[in-house]
Amino acid sequence: MEKYNHKKIEKKWQKRWEIDEPYKAEDFSEKEKSYLLIEFPYPSGDGLHVGHSRPYIGMDVIARKRRAEGKNVLYPIGWDAFGLPTENYALKTGIHPKEVTKKNTDTFRKQIKSLGISFDWSREINTTDPKYYKWTQWIFLQLFKKGLAYKASVAINWCLSCKIGLANEEVIGGRCERCGGETEKRQKEQWMLAIRKYAERLDKDLDDVDYIESIKIQQRNWIGKSNGAEIEFRIKNNKSRIKVFTTRPDTLFGSTYMILAPEHKLVQELKSQISNFGEIEKYIDDTKKKTEIERTAEGKEKTGVELKGVKAINPANKEEIPIYIADYVMVGYGTGAIMAVPAHDQRDFEFAKKFDLPIKMVVCPHYPAPTCPVLDEAYTNEGHLVVSGEFDGMENDEAGGKITKFVGGEMKTTYKLRDWVFSRQRYWGEPIPIIHCDKCGFVAVPEECLPVELPDIKDYKPTDSGESPLVKAEEWVNVKCPKCNRAGKRETDVMPNWAGSSWYYLRYTDSNNDKAFADEKNLKYWIPVDWYNGGMEHTTLHLLYSRFWHKFLYDIKVVPTHEPYQKRTSHGLILAEGGEKMSKSKGNVINPDEIVEIFGADALRMYEMFMGPFDQAIAWSTDNIVGVRRFLEKVWRLQEKVSDNKFDFNILLDGAIKKVGDDIEAMKFNTAVSSLMILANAYDAHKNFSKENYSILLILLAPFAPHVAEELWEKIGNKSSILKEKWPEYDISKTIVDKVQIAVQVNGKVRATVGILVDEDEESVKEKAISNDNVKKWTEDKEIKKVMYFKGKIVSIVTN
RNA sequence: GCCGGGAUGGUGAAAUUGGUAUACACGCAAGACUUAAAAUUUUGUGGGCGUAAGCCCGUGUGGGUUCGAUUCCCACUCCCGGCACCA
């Protein structure tokens, strides 16, 4: 027998597949379609690492199994190639991002192919390809035309010494990651997308999709729908009003002060009336230096400053109350102002304690309240109203709406979800297809002029004013206004990386179309994606953004469904051997190339499926690969035991077929592999077995280790590929057994096992249990109070 | 801090979702084969006590519900993901 030579085998079959293209999906096939999707990679300069491949392999196993079941599987791949790291690399080296991207995608492609993933390469896409981003720009224009893209002033991170806008990730402890210099928040005009307009549907339509529960919960929390009331407070000696949003209008009588976000525009408007404005300005300055997490952390010491000289009037009881600014109130949520009710909100409570403000309890658990208790934390449960005028005694649930009406407020639903900041003052992204004209304002680039291609430039550094480096490409910037033909200027901001990834799954259905982002018929056939697997880290941004774009496209009637993905699951990260995150800077990245070289792609694939639960983070261990490698060698050796001599493995086989199939669909790949091992071990324990039995093992193995399965399939005399074989069926009746060993517990502890027939009657089983010698030892001096038999499971005896 | 996960032998983990905890692997120990090593293979392997039969303890911690809890409930500790310009 030849030795198992993974290098030779893998090369042979990969070459064969390259020619035969067995993984090509067929548009409009009669077969049932199955569109399986993984998150397309960002082709970083570090190359593929073993963590990337885990989801690809997992979904590949499913794809291969479903093809064997006769489905028309679409399993595509592409590159999400715009983004910061490539641009930063260009900044450092001067090499054009286009070249870097080309090099990186070539590396990734080669690496992925070496793993034998059954992607349909004929549909490969790249978000940086003008033929692709033409349609990203087209979608943006549709959003713009419907008023869903607009400009607004937004705070961004700004490095004072690099004079460059920074991603949150590039700000470490308030300092710039690259130069270590100070950063601050700076207001800047940005393109925004009105995702909030879709908040309600993004929340509600989660009911219609099959996402794992934790994703639904996280998305819902992120959207943050809450029902409450908007109430206006008058300001003493001033015409301005402060509008607040509150989920607890029932506690209005207990509002003893108000808080504005430091950025609230009223702070500036009230300037002349405020006697300590210097102090206020200093506080606003300090706020600019803090991150949102720092600002809102509960338990953190509350800070704030009173607007001296200004008072608000509580509309319920007409009391004069002070107004503060404090950084725990955010300008972007609700109205950017709150009525503080320290007795019934923990953060208000902490603030009131610190600033010695009155804490007035207006909801009491007992009514009539004997005396209001002294609180050591906010009381947030339900109760009856007190000190609330005509509402006294009312249940607080009921009072909210009535009090709102009483003060002329209105019930309102708000969402925490914020509109999407869509501008980046960068180079390596899709140009935003807008022309600025002094006369006509923002004018859409005519669709026939798309794509607006990125011009070649040499210097990728943003200008000192923070504008995109594209400003320097004067020829490109200066164009005529498409409307009035006067001099205009192109928008120089580019889109964020999320743009291209918000619709890529649509492009796969028809990736070479140059008349539309995809043909209507292709979309109708393939969409929705049947199963999308990705990382939990994409739950609230990418996944939500793409649902938003899809819904918009549905509204303008260019996609056939209101949701893009029918099912969403997640995979866990692969960590470095020590349990830390893999990163180039830590030097702990495992490159799959070495593993493929030493152990083979099949062993790598099997190991990644076997290493642990697919949805859990797990540390890599090169030592443990030998286990699956030995298993593959065992399967290899088993070819010698194939003979006409038949041993009946049927019960075991039917169980294995069921288990492997069910586990694959449930992404319990680790236990699927273990049942393959059990099956192989059982074969190995016999002198020989039939070719049929061995064939089933190979077919079940093929999704995990396709190369060696093909090779062995050929070796046992098959002319056609194992990829053409049907997934085996099983007969469940064979897996049912009639005799079982069940445990007997005495007072909750297992003391014996007895053999019974599955449908043996209760009395007889109990009798067997009680008369068992081991059981007798534990019951003889005692009185048996109760004997319970749970059919086919256990006998439980209770004594005194 | 907030939201979502997780914690089981020396290690990765399994457990039909309330019914015999530790399947399948890794590692380790002893044996076989070999001049030897590797490979392969056999046996053993949660901790403690015991020659043994067996007993006690044991699924992050502390409580609870139950005939019975890794699984359900309450409180807590630690770890991981996300927190809106990383992808």
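Lettering follows sequence order; numbering is per chain, from 1.
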Gap between atoms [atom1] and [atom2], on [X] and [N] respectively (whole Å):
X         : N      : atom1 : atom2 : value
Leu544(A) : G82(B) : CG    : C1'   : 13 Å
His52(A)  : C86(B) : NE2   : C1'   : 13 Å
Gln616(A) : A13(B) : CD    : P     : 7 Å
Asp663(A) : C24(B) : CG    : P     : 15 Å

Ignoring the backbone of [X], work out which of [options] is nearest its side chain.
X         : options                : answer
Lys581(A) : A25(B), G68(B), G82(B) : G82(B)
Val626(A) : G27(B), G54(B), A25(B) : G27(B)
Phe610(A) : U41(B), C24(B), C67(B) : C24(B)

Between [N] and [X], is there an OP1 or OP2 to side-chain N/O distance shorter than 4.0 Å?
X         : N      : value
Arg630(A) : C26(B) : yes
Trp222(A) : G4(B)  : no
Asn681(A) : A25(B) : yes
Arg751(A) : C56(B) : yes
Asn168(A) : A84(B) : yes

What's [X] touching, base or sugar-phosphate or nothing? Going by heavy atoms closer than 4.0 Å.
X         : result
Leu417(A) : base
Thr753(A) : base
Pro41(A)  : nothing
Glu39(A)  : nothing
Lys749(A) : sugar-phosphate
Tyr42(A)  : sugar-phosphate
Lys416(A) : base

Query - Residue pair Phe790(A) / Met788(A): nearest heavy atoms and the distance that separates them - result: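 Looks like CE1-CB, 3.7 Å.
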
Query raised in the report: Looking only at heavy atoms, what is the nearest atom pair of Thr539(A) and Gln218(A), with distance?
Result: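 Closest approach of Thr539(A) to Gln218(A), heavy atoms only: CG2-CB, 3.9 Å.
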
Query raised in the report: Do Thr86(A) and Tyr42(A) have side-chain atoms, one donor and one acceptor, less than 3.5 Å apart?
Result: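 Thr86(A) vs Tyr42(A): donor-acceptor pair found between side chains.
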
Requested in this report: Taking atom C1' in both U61(B) and U77(B), compute the distance separating them and give it to the nearest angstrom.
Outcome: 7 Å

Query - Partner of Phe422(A) under ring pair (Phe, Tyr, Trp, His ring centres under 6.0 Å), chosen from Tyr545(A), Trp498(A), Trp191(A), Phe140(A) - result: Phe140(A)

Query raised in the report: Is the Tyr607(A) to Phe599(A) ring centre distance short of 6.0 Å?
Result: no

Query raised in the report: So with a 6.0 Å cut-off around NZ of Lys163(A), is the heavy-atom count from everything else above 12?
Result: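 No, because the 6.0 Å sphere around NZ of Lys163(A) holds 12 heavy atoms or fewer from other groups.
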
Query raised in the report: Is it true that atom OH of Tyr89(A) has more than 12 heavy atoms of other residues, nucleotides or ligands lying nearer than 6.0 Å?
Result: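 Atom OH in Tyr89(A) is not packed in, count stays at 12 or less.
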
Requested in this report: Could you check whether the rings of His542(A) and Tyr504(A) sit parallel, tilted or perpendicular, using 30° and 60° as the cut-offs?
Outcome: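 Plane angle between 30° and 60°, so tilted.
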
Report summary line: Under the rule of Watson-Crick or G-U wobble with both distances under 3.5 Å, where | means paired to another strand and [ ] a crossing pair, RNA chain B maps to (((((((..(((......[....)))((((((.......))))))((((....))))..(((((..]....))))))))))))....

Query raised in the report: For the side chain of Gln218(A) and the base of G5(B), is some donor closer than 3.5 Å to an acceptor across the two?
Result: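 Result: no qualifying N/O pair found.
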
